[in-house]
Amino acid sequence: MPQAKQIVVITGAGISAESGLSTFRDSGGLWEGYDINEVASIDGWRINPEKVLDFYNLRRKQALEAKPNNAHKALADLQNDFDVQIITQNVDDLHEKAGSKNVLHLHGELNKAKSSKVDDYIVDIGSQPIELGDKAADGSQLRPHVVWFGELVPNLEKAAHITSKADILIVIGTSLVVYPAAGLIDYVKQSIPKYIIDPSEPEFRDLSDWNHIKEKAASGTPKLVKKLKDKR
Ligand code: APR
């Protein structure tokens, strides 16, 4: 029995756009309305933790109300025929809500909180807001379990290892401009089929040997999943 082909899927905010969650860099995106340094950096946390907590409490509430779209569902279906590993930059849980099993979050998860002193004290908070004065067991202020700009990406090495083993790579809904996540695509074996699903042309990338499906995720992903299943 030949070993199941391993498909690695790297996703970004674009896969959740049709579930009603804002992307970051599209027009009208989150970074048009907020200053990254104020709400998504360790300096912002030090200067005004309440502003940071409010930003993530709002996003957690929006993510709670969001439903997986046909892109998330198609990826969950794909795991019935292939060994599928999702590596997501997203902090929502729409992949898990759609039924995907192997989901690695590079930038953290909105439904978790952690100590602001040590990295390994992480608690599930579901949809609960984090307020100023909410303490971790070590007595420190609880903070979102999200990787802020200027912080290390704890799952990067694991993600790079997974990506290097891919037999097929699919990238969905990411501008590929934020490192180190964007550098993951450099770990793939050059010879494997590579697909990118995005209505726009990712900048600064030579994707000449990629299959670019210039569609939104919710329409492009089911088509690609059907093609891969039919080719099996
Ligand atoms: N379907 C597919 N792709 C889409 C859709 C859609 N419906 N809508 C937008 N896109 C694409 C955009 O063309 C763009 O290439 O999704 C991408 C969104 O890019 P960003 O807004 O930069 O989001 P992302 O790449 O996930 O950002 C990476 O930056 O701010 C940090 O931590 C944050 O994880 C985030 C990281």
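Start at 1 and go down the list; that is how both ligands and their atoms are numbered.
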Heavy-atom nearest neighbour in the protein, as seen from [atom], with distance rounded to 0.1 Å:
atom: atom 8 (N) of ligand 1; answer: A17 CB, 3.9 Å
atom: atom 35 (C) of ligand 1; answer: F24 CE1, 3.5 Å
atom: atom 14 (C) of ligand 1; answer: D198 OD2, 3.6 Å
atom: atom 26 (O) of ligand 1; answer: A13 N, 2.8 Å
atom: atom 5 (C) of ligand 1; answer: G14 O, 3.6 Å
atom: atom 30 (O) of ligand 1; answer: W31 NE1, 2.9 Å
atom: atom 9 (C) of ligand 1; answer: D26 OD2, 3.2 Å
atom: atom 3 (N) of ligand 1; answer: P199 CD, 3.3 Å

With respect to [X], determine whether any N or O atom, backbone or side chain, lies less than 3.5 Å from an N or O atom of ligand 1.
X: Q89; value: yes
X: V177; value: no
X: R25; value: yes
X: E18; value: yes
X: I15; value: no

If you look at every heavy atom in G14 and A217, which pair is closest and at what distance?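 So the minimum-distance heavy-atom pair works out to O-CB, 4.3 Å.
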When R232, K226, K227 are each screened for side chain to side chain donor-acceptor pair (under 3.5 Å) with D230, the one that passes is K226
Counting only heavy atoms from other residues, nucleotides and ligands, does the tally under 6.0 Å from OH of Y121 exceed 12?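 Atom OH in Y121 is packed in, count exceeds 12.
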Would one find more than 12 heavy atoms of other residues, nucleotides or ligands at under 6.0 Å from atom NZ of K51? no
Any carboxylate oxygen within less than 4.0 angstrom of a Lys/Arg side-chain nitrogen, looking at [X] and [Y]?
X: K114; Y: E151; answer: no
X: R46; Y: D43; answer: yes
X: K117; Y: D138; answer: no

Heavy atom to atom 36 (C) of ligand 1, shortest distance: which of V178, T11, T23 holds it? V178
Would you call the rings of W31 and F149 parallel, tilted or perpendicular, where under 30° means parallel and over 60° means perpendicular?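 The arrangement is perpendicular - the two ring planes meet at more than 60°.
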Where does the angle between the aromatic ring planes of W148 and W45 fall among parallel (under 30°), tilted (30 to 60°) and perpendicular (over 60°)?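 Rings of W148 and W45: tilted, 30 to 60°.
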Check: R143 and I42 side chains under 4.5 Å, non-hydrogen atoms: yes
Tell me, do L106 and V147 make a side-chain contact under 4.5 Å, heavy atoms counted?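 Side chain of L106 against side chain of V147, heavy atoms only: no contact under 4.5 Å found.
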Which bit of F149 gets closer than 4.0 Å to ligand 1, counting heavy atoms only: side chain, backbone, both or neither?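 Just the side chain.
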Is the contact between H107 and ligand 1 made by the side chain, the backbone, both, or neither, using heavy atoms and a 4.0 Å cut-off?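 Just the side chain.
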Which of the atoms in ligand 1, numbered in the order shown and given with their element, are less than 4.0 Å from a heavy-atom of [X]?
X: T174; value: 15 (O), 16 (O), 17 (C), 24 (P), 25 (O)
X: G173; value: 3 (N), 16 (O), 17 (C), 18 (C)
X: G12; value: 26 (O)
X: K216; value: 1 (N), 7 (N)
X: A217; value: 1 (N), 2 (C), 6 (C)

Look up atom CD1 in I15 and atom CD1 in I10, then write down how far apart they are to the nearest 0.5 Å. 12.0 Å
Taking the non-hydrogen atoms of G29, is any one of them nearer than 4.0 angstrom to ligand 1? no
D54 side chain to N57 side chain, donor-acceptor N/O pair below 3.5 angstrom: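 Checked: D54/N57 side chains show no N/O donor-acceptor pair below 3.5 Å.
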